[in-house]
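The structure under discussion appears below in the form of structure tokens.
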Amino acid sequence: LFKLHRHKRHHHCACYEGKKTLLNLNPGESAKIHCLGHGPGLIKHRLMEMGVIPGLIVKVERYAPLGEPIEISIGDCHLSLRKTEAKLICIEEVPASQE
Amino acid sequence: MTYNASIFIALAGNPNTGKSTIFNALTGSRQHVGNYPGVTVERKEGKTTHAGFTINVLDLPGTYGLGAYSPDETVARNALINEKIDVVINVVDATNLERNLGLTAQLKEMGIPMVLALNMHDMAQGKGLQIDTMQMGKLIGCPVIPVVGSRQQGLEQLLESAVAVYCREKGIQREQPGCPGKCHGCPANAPLPAERLIRYNDDLENTINHLAAILPDEVASGELRPEIMRRWTAIKLLEGDKLISARVAGGTDPGNVLSDAEDSRTFLSQHLGEDPQMLIAAARFGFARGIIRETVQSSTQDELDATARIDRIFLNRLLGLPLFFVIMWALFQITFTVGAYPVAWLEIMFSHLAAAADQISSPLLRSIIVDAAIGGVGGVLTFMPNILLLFLGISFLEGSGYMARAAFVTDRLMHRIGLHGKSFIPMLIGFGCSVPGIMATRTLENDRDRITTIMAVPFISCGARLPVYVLLSSAFFSGGAAANAMFAVYIIGVLVAIATAKLLRVSILRGEPEPFVMELPPYRMPTINSIFIHMWERGWMYLQKAGTIILAASVIVWFLFAMPVKEGESFPVDNPDHSVAGMLGEQLQPIFAPLGFDDKITVALIAGVAAKEVVVSTLTTLYSMEGDSSDASISLEQKVKNHSGLNAASAFALMIFVALYIPCLATLAVIRKETNSWGWALLSGGYSLAIAWVFALIAYRIGMILIT
């Protein structure tokens, strides 16, 4: 049952193959949050509650001095994530008009 | 006109929304800080009055949601469910509505009468945000009051709305409504219209309605709005909320609502391709965004705000870490160099007290007062200036927003050893005193992270160990070598703390690393009031917890030293060697013989379990019995050197032993309190004893080779 469930998820959300995640952005770059991808529900739910909401524009502000965590901003809200969480956030390119 | 009714108001909101500032402004000094039973989340309650009503205010912990992600959330949520709250004031950060209104949506679903406090309204305006509070009130279905907590603006109106909402709810006719009719959102005089609730998609709605229909009646019995309660419970079941499921399951007749909820979750996950929990969360944020779209006009200019500019420096790749260390260094300088003055005054005061008490003729009474009472209370109080200054600095760093940055720059380092960026601060405080250090682990959301940190903190050399190091290193090492020896002991403590954390992470507390999602709030100048209230709260907690235990421990230690072993000796005994403690020292000495410690040192170490600085005072007492004690010109260092039978190797081993063995009874008691288990406290005590013995042995053996 669990396998089926996962398979279905893959089917409905196109973000698993070839989609970019936050880790593909350089500091200073922005993108639109497409979805919260493959990961434990608890973490995804938490991310959402903290403001990582699909459809919003996310910007990678900087990497910490030791390379991790990562500071991102969504609107006025600044968050710090480790790479494992950043990997969950799938992004799509921002159309030029929106930038 | 006064009313008999007292109104129970809860303040709810995200962290960093200025909730505590509003709480402090509303209740002033009429606060009571306690703990929620069984957990270590602070419970803050206060009182105020408005328009003849007594108002009890409960400051809920700041949370992002009302799930059960962290102890804070569980506590906030349970309080909202169980505590018969009349009105909830939802404090939102007007500059960050998108996320804040997500929690508002959840609160609204619970159906408790609500008032929205739009905090930091001035900053939102400064950023070019125009918020139509009237319209927002209509859409959410509750009064929306713009406030500026730090400048106490809008608080009267906030209370007035809360009272008005309460009176409407209870049908109380007020003789003189304090409301001039200008309150924002006041048209919400009617009950919430149904369409103002958040609508989920049809699949979810059908399931929610089905679950709500088959819920047992008891779920909503006694509720003012049973329908809302039923709907909320159904939503929670669909989200898979464990606490609510358990609540329903524990009822008299749960029926098959739980299995239905479980089936629906599985079905919907497959059918919709996403967990219902996620879909529900997304819908809530959709609701929030809808409201923002209709009520907020933004004319933002994309210039860098102050926070971004400050962070360019403080989080800079090259400067970030050095600046962090400079700030920590400054914190310590303030704590210990500035603190040294009041500490010295207190010490003088206590020595005068002791001198005065020395005039007492009864030897027993004198001994109790001088050694137990003044020694014990003095031991606690002389640390207070340091503790208060440390907490003052930490409250400032927390209030200003730097603490989150500190966690940001150190997280990688801490993550390596299985800890968390937020573990750094407790460890750092541990250099001052383990007790507040362990209490500071409350900011860690996850239990495993917390316990790991709690177990590591006691190995950080606290301020009370310093006098022991100073005494021993200056007695057995010359100038430069003395400083090196002290430094080495500090480093060994830190390394053992790290190794302990790592060890726990691969054994008892094994598991996937927890997510590290943390907000970096905007920098703010904290109000002086809130810093001092915060400092005092913590200092008071230290006094209560550590104070009582240290005092009790020093009485016990005094008793052990006063109680004669042989009959016929006077009580208290003159020579500690003849006391119960002296006998214990003799009995236990063989255990310490491999480390090069004699029975006197063993006695001092036993006494040091009460508190580390007691080691020095005990050694003083023991060696003052020696022949040349009458000669005041001989310093304690000299006496220790002459009579202890230690050499450089065993003295260093003793320093290491003191650094690592049982921190003190107060620390053990706080570990017990904070982990809510004797197990962790005993493990900490036993493990630290073993570690200390092994390390001291190694140091002694290596030292002996080097010396000879």
Side-chain angles (χ1 to χ4, degrees), chain A residues 1-15 27 33 35-37 39-57 59 61-89 99, chain B residues 14 63-65 67 69 93 95-99 102-103 106 127 239-240 266 269-275 277-278 281-282 284-286 288-289 305 307-308 311-312 315-321 324 404-405 407-413 415 421 512-522:
Chain A
L1 189 74
F2 189 56
K3 264 185 189 159
L4 179 77
H5 175 142
R6 270 202 182 160
H7 175 77
K8 278 281 184 183
R9 270 202 209 171
H10 281 248
H11 182 74
H12 279 274
C13 187
C15 63
I33 303 169
C35 65
L36 298 179
L42 190 70
I43 299 174
K44 294 196 294 181
H45 193 241
R46 179 66 171 176
L47 283 169
M48 238 188 197
E49 279 186 337
M50 294 192 71
V52 184
I53 302 155
L56 297 183
I57 304 291
K59 181 177 175 193
E61 293 283 342
R62 60 172 60 81
Y63 282 66
L66 300 171
E68 207 182 5
I70 303 164
E71 181 190 350
I72 63 166
S73 64
I74 298 157
D76 272 335
C77 168
H78 289 245
L79 297 177
S80 150
L81 314 169
R82 284 190 188 141
K83 285 180 179 169
T84 37
E85 286 98 43
K87 215 165 55 187
L88 296 176
I89 302 171
E99 262 283 48
Chain B
N14 282 178
T63 58
Y64 295 105
Y69 183 83
D93 175 354
T95 63
N96 198 348
L97 283 173
E98 198 97 32
R99 194 193 59 215
L103 179 70
Q106 292 199 46
K127 288 190 166 190
E239 281 186 294
T266 322
S269 304
Q270 287 174 26
H271 184 65
L272 303 171
E274 187 62 278
D275 237 315
Q277 196 190 16
M278 296 296 288
R284 286 183 185 134
F285 285 104
R289 229 185 305 165
D305 59 0
T307 293
D311 270 344
R312 278 197 169 173
L315 300 184
N316 183 285
R317 280 204 104 144
L318 296 174
L319 291 176
L321 270 175
F324 166 78
R405 271 80 186 176
F408 182 75
V409 294
T410 54
D411 181 62
R412 181 64 187 271
L413 218 61
H415 194 41
E512 284 292 301
E514 290 301 315
F516 178 73
V517 189
M518 180 184 67
E519 191 183 351
L520 296 168

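Residue numbers start from 1 in every chain, and the chains themselves are labelled A, B, ... in the order their sequence lines are given, proteins ahead of strands.
The contact between B:Phe408 and chain A is made by backbone and side chain atoms together, counting heavy-atom distances below 4.5 Å. When heavy atoms are compared at a cutoff of 4.5 Å, B:Arg289 approaches chain A solely by way of its side chain, counted from C-beta outward. Using a 4.5 Å cut-off between heavy atoms, B:Asn316 contacts chain A through its backbone alone, with no side-chain atom that close. Using a 4.5 Å cut-off between heavy atoms, A:Glu71 contacts chain B through both its backbone and its side chain. Looking at B:Leu413, the atoms closer than 4.5 Å to chain A (heavy atoms on both sides) sit in the backbone and in the side chain alike. Contact of A:Ile53 with chain B is made through the side chain alone, with heavy-atom distances under 4.5 Å.
Residues A:Pro27 and A:Arg62 share a closest heavy-atom pair of CB-CA, 4.2 Å. Looking at every heavy atom in both residues, B:Phe285 comes nearest to A:Glu49 through CZ-CA, 3.7 Å. For the residue pair A:Gly51 and A:Ile74, the shortest heavy atom distance occurs at O-CD1, 3.5 Å.
Interface remark: of the candidates B:Arg284, B:Arg317, B:Glu519, B:Arg317 forms the most heavy-atom pairs closer than 4.5 Å to chain A. In terms of non-hydrogen atom pairs under 4.5 Å with chain A, the most contact-rich of B:Glu239, B:Met278, B:Glu98 is B:Met278. Taking B:Thr410, B:Thr307, B:Asp311 one by one and counting their heavy-atom pairs under 4.5 Å with chain A, the maximum is reached by B:Asp311. Across A:Val52, A:Ile72, A:Leu47, A:Leu56, the residue that shares the most heavy-atom pairs under 4.5 angstrom with chain B is A:Leu56.
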Before you tell me yes or no, could you show the steps for B:Tyr64 and A:Met48 under side chain to side chain contact (heavy atoms under 4.5 Å, CB included), namely the whole-Å CA-CA distance, both residues' side-chain angles and the distance that decides it to 0.1 Å? CA-CA 9 Å; B:Tyr64 295 105; A:Met48 238 188 197; over 6 Å; no
*asked:* Applying side chain to side chain contact (heavy atoms under 4.5 Å, CB included) to B:Asn14 and B:Asn96, what does each step give before you reach the verdict?
replied: CA-CA 10 Å; B:Asn14 282 178; B:Asn96 198 348; over 6 Å; no
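Exactly one of B:Leu321, B:Val409, B:Asp411 qualifies for a side-chain contact (heavy atoms from CB on, under 4.5 Å) with A:Leu66. That residue is B:Leu321.
Between the side chain of A:Glu68 and the main chain of A:Lys83, a donor-acceptor pair closer than 3.5 Å is present.
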